[in-house]
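What follows is a set of notes on a single structure, which appears directly below.
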Amino acid sequence: MRIATWNVNSIRQRLDYTVGWLRANQPDVVCLQELKCTDDAFPRLEIEGAGYNVAVHGQKGFNGVAILSRHPLEDVMTGLPGDDADEQSRYLEATISTDGGSVRIASIYLPNGNPIASPKFDYKLAWMDRLTARARMLLELEVPVVLAGDYNIIPMPIDARFPENWLADALFQPESRGRFRALAALGYTDALRACSDDEKIYSFWDYQAGAFQKNNGIRIDHLMLSPQAADRLKATWIDRDERARDKPSDHVPVVVELEIPIR
DNA sequence: ATGGTCGGGGTCCGA
């Protein structure tokens, strides 16, 4: 089973590239982030036309997450538990079932958190605590779980081309990185690091100052696997070519292949 | 030394 995560930075601006990527790569599941549109404005027919079922949790102008699946989407859960007052659309969870097995998958758009001396950073940390609580619950299911998305976390210095540039950024604070590490300590595996020897591998390059041309990138899009998913991990990669296109997203797809046969 | 780019929705905010 092939599972991808991609922050598309507006699904309406990136619809052609998204459909083209689905056709070329034939993933079983894709988690999308930063849709920047409401459920009603999501281009559902075009995605369905490419052969995918759709679960959407949209929001006008900002945020918004979706799960696309070639297989039925079951038990869809919208929003991250733990704060009924949180109105930002950043979390969506569903079960993908095939005859070869089922996977619980979350599409995550973790808050950016900048600037660090602001309520936005507090919101980020509180959101991460809620995510950790949810991740702990999911482990109790003892099934393959994939928590995929834009975590807005640079886990380690090797995950940035120029780590010194990020010292004052919410993406690289000890509090943010510590919470990501806590997720790993629960028993979740960072799929890309578990299955790639390439240290200089990034998933985001800023639009400004020719960051992509200089390979001034960071790795902030992650697929975290429960033990039952990690046991089935076959391969991971990042589709860097998507960033070289005209008018691209600033993020590229990150992909995992799990040994869950599709029958 | 400065500012550099996108997207959405409206002439600024979020990233």
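We name chains A, B, ... by the order of the sequence lines, and we start the count at 1 in each one.
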Decide whether [X] and [Y] meet the rule of one side-chain donor and one side-chain acceptor closer than 3.5 Å.
X	Y	value
Arg161(A)	Asn215(A)	no
Arg104(A)	Thr95(A)	yes
Tyr202(A)	Asn216(A)	no
Asn9(A)	His251(A)	no

Could you state the atom-to-atom distance from [atom1] of [X] to [atom2] of [N] in whole Å?
X	N	atom1	atom2	answer
His251(A)	dC6(B)	NE2	C1'	11 Å
Asn9(A)	dA15(B)	CG	P	11 Å
Gln88(A)	dC13(B)	CD	P	16 Å
Gln59(A)	dG8(B)	CD	P	14 Å
Lys214(A)	dT5(B)	NZ	P	11 Å
Asn63(A)	dG14(B)	CG	P	11 Å
Arg245(A)	dC6(B)	CZ	C1'	18 Å
Asp206(A)	dG3(B)	CG	C1'	12 Å

Report task. Identify the residue among Asn7(A), Thr5(A), Asp150(A) that makes a side-chain hydrogen bond (donor to acceptor under 3.5 Å, both in side chains) with Gln33(A). Result -> Thr5(A)
Please give the distance between the [atom1] atoms of [N] and [M] as a whole number of Å.
N	M	atom1	value
dC12(B)	dA1(B)	C1'	26 Å
dG14(B)	dG10(B)	P	14 Å
dT5(B)	dG9(B)	P	22 Å
dG7(B)	dG3(B)	P	23 Å
dC13(B)	dT2(B)	C1'	22 Å

Requested in this report: Considering just the side-chain nitrogens and oxygens of Lys60(A), establish if one lies under 4.0 Å of OP1 or OP2 belonging to dG8(B).
Outcome: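 So the side-chain polar atoms of Lys60(A) never come under 4.0 Å of the phosphate oxygens OP1 or OP2 of dG8(B).
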Query raised in the report: So does Arg243(A) get a side-chain nitrogen or oxygen closer than 4.0 Å to the phosphate oxygens (OP1/OP2) of dT5(B)?
Result: no
Report summary line: Heavy-atom nearest nucleotide on DNA chain B taken for Cys37(A) and for Tyr109(A); more 5' hit belongs to Cys37(A)
Query - Residue whose nearest DNA chain B nucleotide is more 5′ - Gln208(A) or Gly61(A) - result: Gln208(A)
Among [options], which is the nearest nucleotide to the side chain of [X]?
X	options	value
Gln13(A)	dC6(B), dG8(B), dG14(B)	dG8(B)
Arg12(A)	dG8(B), dA15(B), dG7(B)	dG8(B)
Ala209(A)	dG4(B), dG14(B), dA15(B)	dG4(B)

